[in-house]
Amino acid sequence: MLERSELIQNRYNKVDALRQKGINPYINRFDPTHSSQSILDNADALITSEQKVVIAGRVLTIRSFGKAAFFHVMDGSGKIQAFIKSGMLPDEDFALFKEILDSGDIVGIEGIVFRTKTGEITVLAQRLFLLTKSVRPLPEKWHGLRDTDKRYRQRYVDLIVNEDVHKTFETRSRIISSCRRYLDERGYMEVETPMMQPIYGGALARPFVTHHNTLDMDLFLRIAPELYLKRLLVGGFEKVYEINRNFRNEGISIRHNPEFTMLELYTAYWDYKNTAELLEEMIRTIAQDVLGDTKFIYQGDEIDLAPANGWKRLTMLEAIKAETGHDLHWDEPANAIRLKIGHLIEAPEGKVKDLSAADLIIELFEQKVEPALIQPTFIMEFPKSKSPLAKTKPDDPLVAERFELFMGKLEIANAYSELNDPAEQLLRFQEQARRRAAGDSEAMCIDEDYVRALEHGMPPASGLGVGMDRVAMLFTDSYSVRDVILFPTLRPETGQPSSDEAEDE
RNA sequence: GGGCGUGUAGCUCAGCCGGUAGAGCAGCGGCCUUUUAAGCCGUUGGUCGCAGGUUCGAUUCCUGCCACGCUCACCA
């Protein structure tokens with residue numbers, strides 16, 4: 001039940017009053033001739049020509065004195081000041097303003113453009129139309145809406161009153177379209193693969209489960225589209241991509257939302273090094289497109305997307321050596337590695353003891369190197385044991401041809417040369433299945449149809465996954481992923497403690 | 001899931017050595033025909049997150065719960 005405070009009730013009373021006078025407070029259509037921005041852009045011409053303009057938008061702050069008032073009107077392009085003065089418009093329009101209009105209402109204004117004595121471009125109202133009555137008061141005009149919970153739950157209010165939030169989501173949208181444009185221009189085809197999958201795969205993560213009633217079967221929300229996209233390479237498409245949501249049933253944090261947007265793209269006949277080149281150029285192009293620059297500030301650090309010698313490329317072991325001084329190798333026994341670096345790794349009681357050599361090295365990398373990666377850096381070569389869908393490096397059987405891209409201390413992308421040997425893929429799946437059986441809930445399931453597809457022959461190829469939310473965080477200088485997701489996942493809004501304790505296990 | 005913090009009017013926030021609450025903005029009533037958080041005068045509005053406990057008395061102290069933030073764990 002929605003609350004009806006006195007403030008809201010007063011406004012509902014105005015709605016009733018309008019209806020009694022035969023005025024519809026929620027009209028069906030209105031035809032503005034100008035956006036606020038187009039008036040500001042062409043102000044001089046509009047002022048001298050005294051051309052009639054019609055604008056529409058939401059009334060923000062009203063500064064009223066008796067027989068005249070100023071207020072700002074916000075539309076999709078920005079905002080512009082309006083001036084209303086008794087005698088300059090029909091009496092009933094002025095009465096509408098005095099008696100009915102509240103800040104938050106959506107109005108149409110017909111008038112001419114002029115400059116106030118303080119120089120602000122302003123529309124002088126010759127007609128005022130109420131288009132939509134708002135019955136709920138806006139947050140305070142000076143401090144706005146600060147409560148983060150309310151900002152996320154009632155994003156519509158956040159977007160009305162916080163201009164920078166509006167801008168952030170415009171930027172996000174432009175990042176996505178710029179990305180599509182970049183790929184479309186290079187012959188990539190956008191496809192849509194299943195979000196509901198009978199067997200989930202393509203990443204190491206726990207899924208959400210849903211149920212189809214008629215088929216009476218469980219389906220998993222995808223954790224990645226990877227295995228479907230590679231089936232399309234088998235089918236003969238050579239350049240495919242998908243930008244869409246993935247769902248991972250894991251913790252929520254400042255960098256993680258349960259549903260998040262990934263770009264995945266696959267290119268036949270390429271290896272991971274080709275993909276790195278494409279990614280570097282693509283991100284730089286998007287930045288130029290969206291920000292107008294290849295340098296930007298993220299959380300106080302200037303990030304340069306166009307350094308003289310291109311983005312840094314280091315193997316994980318090189319990066320560890322540069323940052324910690326330790327010279328490690330994938331073929332060293334876990335005990336030897338533990339002796340060297342065990343003291344550098346923070347892990348809960350005794351857990352370090354159980355880590356494999358690859359685990360220890362990755363752990364060290366994540367804890368000590370990742371937080372230092374501010375400028376765009378490709379970390380090349382990952383342990384094969386952690387990359388069950390990637391091709392092995394020909395001259396190093398323990399290493400997968402894989403890279404991850406880091407920037408602003410964030411992991412942005414992951415890519416590899418795709419494993420296309422069906423027999424080896426089956427072996428890797430079987431190893432994953434053993435880990436699953438041993439209790440690793442994030443290990444992969446065996447996807448027999450995927451192996452069957454590989455048996456038909458998948459061309460050599462390289463694939464890439466880019467966390468688009470993370471890119472949006474970078475380009476909008478957002479600290480939290482929730483600030484670049486319009487409606488982040490939240491607990492349901494309730495005033496009462498949850499009553500279904502019976503469902504807790 | 002653990003730790004720390006926050007929750008008071010529509011919004012932004014004070015306050016509370018325990019005696020049932022204040023400001024600014026918004027609203028309402030006045031004055032006001034170039035304002036920019038307009039101004040001036042007056043005024044309405046609160047189960048102080050929820051539920052218990054201690055107490056003569058709880059918004060304040062204690063416990064539990066709920067929500068949010070930070071952080072650790074997990075992870076991407």
Side-chain angles (χ1 to χ4, degrees), chain A residues 3-11 13-14 60-72 79 81-88 94 99 102-104 114-120 122 124 134-154 157-158 160-162 202-206 223-224 246-262 346-349 351 362-363 366 370 404-406 410-414 440-442 465-470 479-482 488 490-499 501 504:
Chain A
E3 83 279 8
R4 274 218 184 176
S5 71
E6 193 187 330
L7 296 183
I8 294 172
Q9 191 54 54
N10 284 345
R11 290 184 174 208
N13 292 343
K14 290 180 179 177
L60 301 176
T61 54
I62 302 172
R63 297 171 292 282
S64 166
F65 9 66
K67 298 235 164 46
F70 288 95
F71 52 94
H72 276 92
K79 58 187 176 186
Q81 180 167 264
F83 182 51
I84 186 167
K85 183 154 86 164
S86 176
M88 301 299 287
F94 193 74
E99 288 157 27
D102 294 297
S103 73
F114 75 108
R115 227 179 266 272
T116 64
K117 68 182 180 190
T118 58
E120 181 161 352
T122 301
L124 171 66
S134 162
V135 295
R136 208 166 262 273
L138 287 175
E140 200 224 13
K141 59 190 171 193
W142 187 239
H143 296 96
L145 185 66
R146 289 268 176 80
D147 186 298
T148 42
D149 185 31
K150 203 161 283 180
R151 283 187 44 228
Y152 297 147
R153 287 188 197 284
Q154 300 180 29
V157 180
D158 195 26
I160 292 169
V161 300
N162 292 323
L204 300 169
R206 283 148 68 191
I223 58 173
N246 290 342
F247 309 86
R248 298 190 185 172
N249 205 339
E250 284 155 1
I252 295 175
S253 83
I254 208 79
R255 296 187 182 81
H256 300 93
N257 195 61
E259 53 177 317
F260 63 102
T261 300
M262 280 267 278
E346 290 167 29
E349 3 70 64
K351 197 194 152 196
I362 287 178
E363 207 50 48
E366 287 179 354
E370 216 178 291
E404 288 190 354
L405 171 68
F406 292 86
L410 294 171
E411 184 190 330
I412 304 299
N414 181 19
D440 181 351
S441 56
E442 281 159 10
V466 181
M468 297 308 287
D469 308 277
R470 301 270 173 89
Y479 174 63
S480 169
V481 73
R482 288 181 164 191
L490 300 171
R491 288 191 163 83
E493 192 176 7
T494 59
Q496 298 299 314
S498 63
S499 54
E501 286 162 18
D504 291 344

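Letters A, B, ... mirror the listed sequences (proteins, then strands); counts begin at 1.
A donor-acceptor contact under 3.5 Å is not formed by the side chain of Glu120(A) with the base of rU34(B). Not a single donor-acceptor contact under 3.5 angstrom links the side-chain atoms of His143(A) to the base of rC11(B). No hydrogens or angles were tested; on distance alone, nothing pairs the side chain of Ser86(A) with the base of rU33(B) as donor and acceptor under 3.5 Å.
Residue Gln81(A) is classed as a base contact, given a heavy-atom separation below 4.0 Å to a base. Using a 4.0 Å heavy-atom distance criterion, Lys79(A) is classed as making no nucleic acid contact. Across all strands, Asn246(A) comes closer than 4.0 Å to no nucleic acid atom at all (heavy-atom distances). Using a 4.0 Å heavy-atom cutoff across all strands shown, Thr116(A) reaches at least one base atom of the nucleic acid. Phe71(A) comes within contact range of no nucleotide atom at all, as no heavy-atom separation falls under 4.0 Å. Here Ser103(A) lies out of heavy-atom contact (under 4.0 Å) with every strand. Counting non-hydrogen atoms under 4.0 angstrom, Glu411(A) reaches the backbone sugars and phosphates but no base. When heavy atoms are screened at a 4.0 angstrom cut-off, Leu138(A) is found touching no nucleic acid atom at all. Looking at heavy-atom distances under 4.0 Å, Asn13(A) makes no contact with the nucleic acid at all. Contact annotation for Phe406(A): no contact, since no heavy-atom pair falls under 4.0 Å across all strands. Among the protein residues, Gly144(A) comes within range of the sugar-phosphate backbone only, with heavy atoms under 4.0 Å from sugar or phosphate atoms but none that close to a base.
The gap from the C1' atom of rG52(B) to that of rG15(B) amounts to 25 Å, rounded to the nearest Å. Straight-line distance between the P atoms of rG45(B) and rC31(B): roughly 24 Å, to the nearest whole Å. For the C1' atom pair drawn from rA58(B) and rG19(B), the interatomic distance equals 10 Å after rounding to whole Å. Rounded to whole Å, the separation between the P atoms of rU47(B) and rC56(B) comes to 29 Å. Taking atom C1' on both rG18(B) and rU55(B), the two are 9 Å apart, rounded to the nearest angstrom. For rA21(B) and rG49(B), the P atoms lie 14 Å apart once the distance is rounded to whole Å. Spacing between rC65(B) and rC25(B) at atom P, rounded to whole Å, works out to 41 Å. rG7(B) and rC13(B) have their P atoms separated by 10 Å, given to the nearest Å.
At least one donor-acceptor pair closer than 3.5 Å links the side chain of Arg470(A) to the backbone N or O of Arg255(A). In this structure, Arg206(A) contributes its side chain and Glu250(A) its backbone to no donor-acceptor pair below 3.5 Å.
Along RNA chain B, the nucleotide nearest to Thr61(A) and the one nearest to Thr122(A) differ in position, and the one closer to the 5' end is contacted by Thr122(A). Of the two residues contacting RNA chain B, namely Glu442(A) and Ser64(A), the nearest-nucleotide position lying further toward the 5' end is that of Ser64(A).
Scanning both residues, Pro137(A) and Ile8(A), for their nearest heavy atoms gives CD-CG1, 3.9 Å. Taking all atoms of both residues into account, the shortest heavy-atom contact from Ala203(A) to Ile223(A) is O-CD1, 3.3 Å. Pairing each heavy atom of Leu145(A) with each of Asn162(A), the nearest pair is O-ND2, 3.3 Å.
By the 6.0 Å contact criterion, CZ on Arg11(A) is enclosed, its count of non-hydrogen atoms from other residues, nucleotides or ligands being greater than 12.
For the pair Lys150(A) and rU6(B), the criterion of a side-chain N or O lying under 4.0 Å from OP1 or OP2 is not met. Applying the 4.0 Å criterion to OP1 and OP2 of rU34(B), one finds that Arg115(A) has every side-chain N and O outside that range. The side chain of Arg63(A) places no N or O atom within less than 4.0 Å of a non-bridging phosphate oxygen (OP1 or OP2) of rU35(B). The side chain of Lys141(A) contributes an N or O atom lying less than 4.0 Å from OP1 or OP2 of rA26(B). For Arg146(A), a side-chain nitrogen or oxygen approaches OP1 or OP2 of rC13(B) to under 4.0 Å.
Rounded to an integer number of Å, the gap from Phe114(A) CZ to rU33(B) P is 16 Å. As a whole-Å value, the separation of Arg470(A) CZ from rC75(B) P is 14 Å. One interatomic measurement links the two molecules: CG of Asp147(A) to P of rG10(B), which rounds to 13 Å at whole-angstrom precision. As a whole-Å value, the separation of Phe83(A) CZ from rC32(B) P is 16 Å. Whole-Å rounding puts the His72(A) NE2 to rA38(B) P distance at 10 Å.
Of the candidates rU35(B), rA76(B), rC11(B), the closest approach to any side-chain atom of Pro139(A) belongs to rC11(B). Considering only side-chain atoms of Glu250(A), the nucleotide from rU12(B), rC75(B), rC70(B) that sits closest is rC75(B). Closest to the side chain of Ala68(A), from the set rC70(B), rU33(B), rU34(B), is rU33(B).
The aromatic ring of Phe70(A) stacks onto the base of rU35(B), its centre lying under 5.5 Å from the centre of the six-membered base ring with the two planes under 30° apart.
No side-chain N or O of Gln154(A) forms a donor-acceptor pair with one of Asp158(A) less than 3.5 Å apart.
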